[in-house]
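Note sheet for the following structure.
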There are 2 protein chains.
Amino acid sequence: MKNDLKVQRAIFNITQEDLANKVSVSRQTIHAIESNKYIPSTTLAIKIAKVFGRGVEEIFILEESD
Amino acid sequence: MKNDLKVQRAIFNITQEDLANKVSVSRQTIHAIESNKYIPSTTLAIKIAKVFGRGVEEIFILEESD
DNA sequence: ATCATTTGTAAAGTTTTCTTTACATTTTGT
DNA sequence: ACAAAATGTAAAGAAAACTTTACAAATGAT
């Protein structure tokens, strides 16, 4: 699983902190997700995708091994 | 979070076991999700949504308290 | 160059997501 | 009515998703 978080944040010109606040998680959680430390829960994935006005599958992309 | 799994399974006329096999989890996992015992991981949610040819947000619906 | 802001890292603990095995109950088909 | 198929339940353990705190490093603005 990879994600498009960093690109979307750049498009919207928001910081990790901004995004964290919008979806009610810690800034470090956003960082962990962005750096693929772990995959967000579905609840959080939906919230994040909604901030960027996109579908979950567009922000979080399955890879072969998943 | 609620989900539309049971309805989608009925639409496609497949059993919990069928769906479980399609997304490589145990039948009980599907049952647990369907009965809201827990929320699936994003990886699994994406796979399930794909089986039904829908977006994650269409199968798994956020509720106010989420 | 300097300072402020943003990102990056780590660790330990908590909570949630799954697994398996086993059994029970209900539903469906004949 | 009966058998097969499908669904429902439980429990314990492993793995993953988060949290916090603290600090470091990188980047951006002046």
Side-chain angles (χ1 to χ4, degrees):
Chain A
M1 176 86 81
K2 62 180 184 179
N3 68 67
D4 207 37
L5 234 57
K6 192 155 190 171
V7 172
Q8 291 298 315
R9 276 202 308 106
I11 288 168
F12 284 80
N13 194 38
I14 59 173
T15 63
Q16 291 182 342
E17 184 95 46
D18 288 335
L19 179 55
N21 290 336
K22 283 180 188 293
V23 296
S24 306
V25 292
S26 67
R27 193 269 302 170
Q28 276 93 329
T29 298
I30 296 296
H31 178 75
I33 295 163
E34 216 165 90
S35 57
N36 288 104
K37 190 168 182 183
Y38 54 70
I39 298 164
S41 67
T42 299
T43 304
L44 185 51
I46 291 174
K47 285 178 180 177
I48 290 170
K50 191 172 178 182
V51 167
F52 298 132
R54 296 201 156 277
V56 169
E57 293 92 340
E58 293 176 271
I59 308 292
F60 301 99
I61 300 106
L62 280 189
E63 292 179 307
E64 283 297 304
S65 55
D66 292 331
Chain B
M1 176 87 82
K2 62 180 186 180
N3 68 68
D4 207 34
L5 235 56
K6 194 156 191 171
V7 172
Q8 290 298 316
R9 276 201 309 107
I11 288 168
F12 284 80
N13 194 37
I14 58 172
T15 63
Q16 291 181 341
E17 184 95 46
D18 289 335
L19 179 57
N21 291 334
K22 283 178 189 292
V23 296
S24 306
V25 292
S26 67
R27 193 269 303 167
Q28 276 91 327
T29 297
I30 295 297
H31 177 75
I33 295 163
E34 218 165 84
S35 56
N36 287 105
K37 190 168 182 183
Y38 54 72
I39 299 164
S41 66
T42 299
T43 304
L44 185 51
I46 290 174
K47 286 177 179 176
I48 290 170
K50 192 174 179 182
V51 169
F52 298 131
R54 295 200 159 277
V56 170
E57 293 92 337
E58 293 177 89
I59 308 294
F60 301 99
I61 300 107
L62 279 190
E63 292 179 303
E64 283 298 307
S65 56
D66 292 330

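A note on names: the letters A, B, ... follow the listed sequences, proteins ahead of strands, and every chain is numbered from 1.
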Could you check how far CD1 of B/I48 sits from C1' of C/dT17, rounded to whole Å?
12 Å
Is there a donor-acceptor pair under 3.5 Å between the side chain of A/R9 and the backbone N or O of A/I14?
yes
Would you kindly give the CZ-to-C1' distance between B/F60 and C/dT16, to the nearest whole Å?
15 Å
Does any N or O in the side chain of B/Q8 come within less than 3.5 Å of the main-chain N or O of B/I59, such that one atom is a donor and the other an acceptor?
no
If only atom types and distance count, is the side chain of B/R54 paired as donor or acceptor with the main-chain N or O of B/A49 below 3.5 Å?
no
Can you tell whether the side chains of B/K50 and A/E57 come within less than 4.0 Å, N to carboxylate O?
no
Reckon B/Q16 has a side-chain N or O less than 4.0 Å from the OP1 or OP2 of D/dA5?
no
Give one of base, sugar-phosphate or nothing for A/S26, where a contact means two heavy atoms less than 4.0 Å apart.
base
Rounding to an integer number of Å, can you tell me how far B/L5 CG sits from D/dT7 P?
11 Å
Please state how far atom CZ in B/R9 lies from atom C1' in C/dT28, giving the value in whole angstrom units.
14 Å
Separation of A/E17 atom CD from D/dT20 atom C1', in whole Å?
14 Å
Closest listed nucleotide, where the reference is the side chain of A/Q28 and the choices are C/dG8, C/dT21, D/dA22:
D/dA22
A/K6 vs C/dG8: side-chain N/O to OP1/OP2 distance below 4.0 Å
yes
A/I14 CD1 to D/dG28 P, straight-line distance once rounded to whole Å:
17 Å
Using modelled atom types and a 3.5 Å cut-off, is there a donor and acceptor pairing between side-chain atoms of B/D4 and backbone atoms of B/F60?
no
Rounded interatomic separation in angstrom, taking CD from A/E34 and C1' from D/dC18
16 Å
Of B/S35 and B/D18, whose closest DNA chain D nucleotide lies nearer the 5' terminus?
B/D18
Nearest-angstrom distance from the residue atom CD1 of B/I30 to P of D/dA5
21 Å
Need one value for A/I39: base, sugar-phosphate or nothing, where a base atom within 4.0 Å counts as base even if backbone is also close, heavy atoms only.
sugar-phosphate
Quick check for you: among D/dG8, D/dA17, C/dC18, whose closest atom lies nearest to any side-chain atom of A/S41?
D/dA17
Among C/dT7, D/dC18, D/dT9, which nucleotide sits nearest the side chain of B/R27?
D/dT9
Looking only at the side chain of A/K37 (C-beta and beyond, no hydrogens), which of the listed nucleotides D/dA17, D/dT9, C/dA10 gets closest?
C/dA10
Name the closest nucleotide to the A/Y38 side chain, picking from D/dA17, C/dT9, D/dA6.
D/dA17
Side-chain N,O (B/H31) to OP1/OP2 (D/dT7) below 4.0 Å:
no
